[in-house]
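For reference, the structure discussed in these notes is given below.
Reminder, nothing fancy here: chain letters follow the sequence lines and each chain counts from 1. Atoms considered below: every heavy atom in the structure, side chains included; atoms not considered: hydrogens, waters and symmetry mates.
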2 protein chains.
Amino acid sequence: MEIIEQAAMELFAHKGYSNTSIAQIASAAGVSKGLLYNYYTGKDDLLKAIINKAMGSADHFFNEDFLSQMSAAETISIIVNGSLELYKANPAYWKLLTSLMFQEEVLKELQPMIAQKSQMSYGLMIPIFEKLGYPDPKSQALLFGAAMDGIFLYSFSVQEENHFEHMMNYIIETFSKPYHNE
Amino acid sequence: MEIIEQAAMELFAHKGYSNTSIAQIASAAGVSKGLLYNYYTGKDDLLKAIINKAMGSADHFFNEDFLSQMSAAETISIIVNGSLELYKANPAYWKLLTSLMFQEEVLKELQPMIAQKSQMSYGLMIPIFEKLGYPDPKSQALLFGAAMDGIFLYSFSVQEENHFEHMMNYIIETFSKPYHNE
DNA sequence: GTCTATACATTGATAGAC
DNA sequence: GTCTATCAATGTATAGAC
């Protein structure tokens with residue numbers, strides 16, 4: 001069960017969901033094809049199980065009440081480093097999640113859940129940038145989210161860990177600065 | 001020929017490359033399956049043709065010599081607005097290109113070409129941020145690229161054009177500011 | 001619980017008629 | 001140039017033995 005989902009996630013992340021067959025998953029997990037259908041009704045059900053299981057981990061990671069007591073700079077640092085930890089704990093999962101954004105047909109049910117992930121930090125960040133004096137905190141929050149997603153996008157293709165962590169620190173530094181004009 | 005590539009690109013972008021069959025492409029293009037193999041040796045060859053044809057448009061869009069005469073703010077504005085125009089001229093193509101980043105196996109030959117696309121602006125931007133006084137212009141250029149890619153990533157899932165253009169202007173405004181500490 | 005065997009649809013691709 | 005017919009291979013999924 002656990003071994004199957006792990007194998008499937010790895011394959012989905014590397015080869016893409018549609019491009020991965022049941023036979024490949026079974027082979028990688030070291031079980032027979034038939035056994036898969038004892039646990040899941042089909043390939044889509046297996047995908048759903050993977051997503052659902054991993055979804056919980058992110059939710060309780062960023063506690064809104066906890067963050068509200070922090071300073072702006074601290075909050076940004078916690079969110080960036082938290083995202084980094086979350087990613088490093090299971091890179092394949094996040095890659096899979098992002099790749100699904102390009103599969104309009106496959107599982108419309110998951111789409112809202114995936115979109116929510118991106119907006120997870122959005123609501124949290126607006127008051128932060130208000131505090132920092134930004135005249136358009138919503139746009140600044142979106143810019144922050146876009147920068148984060150962009151860095152993660154790089155990490156999927158380029159495999160330089162160093163470079164990755166450096167950019168995370170650069171983001172913390174950049175976005176923690178209070179607004180300043182001229 | 002043109003109609004086939006157009007239909008294929010649309011399907012690839014919306015359903016994903018692996019999830020699109022030759023039959024679906026032929027049907028969408030209004031031709032028979034067999035005809036496809038008269039123009040292309042296979043599905044991968046069709047993909048290659050699509051990518052190659054569209055690649056040229058981006059290359060001569062950003063002329064390095066031309067940009068070197070511009071001010072920092074002007075260059076940023078040109079690159080952002082140019083990217084926006086390029087995207088709006090053929091959104092499906094850019095979505096397809098990005099989605100291929102998640103297909104490690106499919107067409108390793110295209111991988112470097114796709115990666116280059118992301119770095120297109122990277123080399124151009126470093127001297128810009130030097131001019132603007134940034135102590136780490138490389139990181140700032142990467143942040144700029146990440147922010148751009150992140151915004152495009154949003155546009156693939158959310159379909160709000162307005163919101164999209166607003167963020168592009170916000171990026172121009174934000175990144176055109178000279179470096180300032182405290 | 002797990003595997004083998006098999007059914008059935010769809011896939012990419014080819015051959016040959018028009 | 002274009003289509004129909006057809007191929008072998010692979011896909012998902014099921015049934016039944018152990």
Side-chain angles (χ1 to χ4, degrees), chain A residues 1-53 92 95-97 99-100 102-111, chain B residues 1-53 92-93 95-97 99-100 102-111 114:
Chain A
M1 190 106 185
E2 182 57 43
I3 180 75
I4 292 176
E5 293 183 11
Q6 191 61 38
M9 183 167 62
E10 220 73 43
L11 285 169
F12 286 162
H14 284 79
K15 302 169 44 101
Y17 171 72
S18 306
N19 203 27
T20 303
S21 70
I22 298 283
Q24 290 168 335
I25 297 170
S27 168
V31 299
S32 72
K33 281 195 296 177
L35 186 60
L36 268 164
Y37 290 94
N38 241 331
Y39 294 116
Y40 315 97
T41 67
K43 196 173 149 183
D44 57 341
D45 187 48
L46 172 56
L47 174 63
K48 241 184 288 183
I50 291 172
I51 304 287
N52 279 327
K53 177 174 288 185
K95 186 175 178 184
L96 167 59
L97 211 59
S99 76
L100 289 178
F102 297 93
Q103 303 267 10
E104 290 182 14
E105 204 167 330
V106 179
L107 293 196
K108 286 220 165 69
E109 333 167 29
L110 292 181
Q111 215 78 359
Chain B
M1 191 103 184
E2 182 57 43
I3 180 74
I4 292 176
E5 293 183 10
Q6 190 62 37
M9 182 168 61
E10 220 72 44
L11 284 169
F12 287 162
H14 284 79
K15 303 168 45 102
Y17 171 73
S18 306
N19 202 30
T20 303
S21 71
I22 299 282
Q24 290 169 334
I25 296 171
S27 168
V31 298
S32 72
K33 280 198 298 176
L35 186 59
L36 269 164
Y37 290 93
N38 241 331
Y39 293 114
Y40 315 97
T41 67
K43 194 176 154 184
D44 56 341
D45 187 49
L46 172 55
L47 174 62
K48 241 184 287 183
I50 292 173
I51 304 286
N52 280 327
K53 177 174 288 184
Y93 170 69
K95 185 176 178 184
L96 167 59
L97 211 58
S99 76
L100 289 177
F102 296 93
Q103 303 266 11
E104 290 180 15
E105 202 167 333
V106 180
L107 294 196
K108 285 220 165 69
E109 333 170 28
L110 291 180
Q111 215 79 359
I114 295 171

Between P on D:dA9 and CD1 on B:I22, what's the gap in Å once rounded to a whole number? 18 Å

Would you mind reading off the distance between A:N38 atom CG and D:dC18 atom P, rounded to a whole angstrom? 18 Å

Quick check: does any side chain N or O of A:Y17 sit under 3.5 Å from a backbone N or O of A:D44, one acting as donor and the other as acceptor? yes

Rounded to whole Å, how long is the line connecting atom CD1 of B:I4 with atom P of D:dG1? 12 Å

From the set D:dG11, C:dG1, D:dT6, return the single nucleotide nearest to any side-chain atom of A:Y39. C:dG1

Using whole Å, report how far NZ of B:K33 lies from C1' of D:dA5. 10 Å

Counting the atoms with a prime plus P, OP1 and OP2 as sugar-phosphate, which does B:S32 contact under 4.0 Å by heavy atoms, base, sugar-phosphate, or nothing? base

Nucleotide of D:dT2, C:dT11, D:dA13 approaching A:K43 most closely (side-chain heavy atoms): D:dA13

Atom CG of A:N19 to atom P of D:dT12: distance rounded to whole Å? 10 Å

Choose from D:dG11, C:dG1, D:dT2 the nucleotide whose nearest atom is closest to any side-chain atom of B:L35. D:dT2

Name the residue closer to the 5' end of DNA chain C, choosing between A:V31 and B:T20 according to the nucleotide with the nearest heavy atom. A:V31

Counting distance only, does the side-chain N/O of B:S99 pair as donor-acceptor with the main-chain N or O of B:L96 below 3.5 Å? yes

Quick one: label B:S18 by what it contacts on the DNA or RNA (base, sugar-phosphate, nothing), any heavy atom closer than 4.0 Å. nothing

Using only heavy-atom distances, determine whether the side chains of B:E5 and B:Y40 contain a donor-acceptor pair under 3.5 Å. yes

Write down the distance between CG (B:L36) and C1' (D:dA5), rounded to a whole number of angstrom. 17 Å

For a quick test of reading the model: is some side-chain N or O of B:Y37 closer than 4.0 Å to OP1 or OP2 of C:dA13? yes

CG of B:D45 versus C1' of C:dA13: gap in Å, rounded? 13 Å

Test item: A:I25 and A:V31 side chains (from C-beta on) under 4.5 Å apart, heavy atoms: no

If you look at every strand shown and take non-hydrogen atoms under 4.0 Å, does A:Y40 touch a base, only sugar-phosphate, or nothing? nothing

Lys/Arg-Asp/Glu bridge criterion (N-O < 4.0 Å) met for B:E10, B:K15: no

With a 4.0 Å limit, can you tell me whether A:S21 has a side-chain N or O closer than that to the phosphate oxygens OP1/OP2 of D:dT10? no

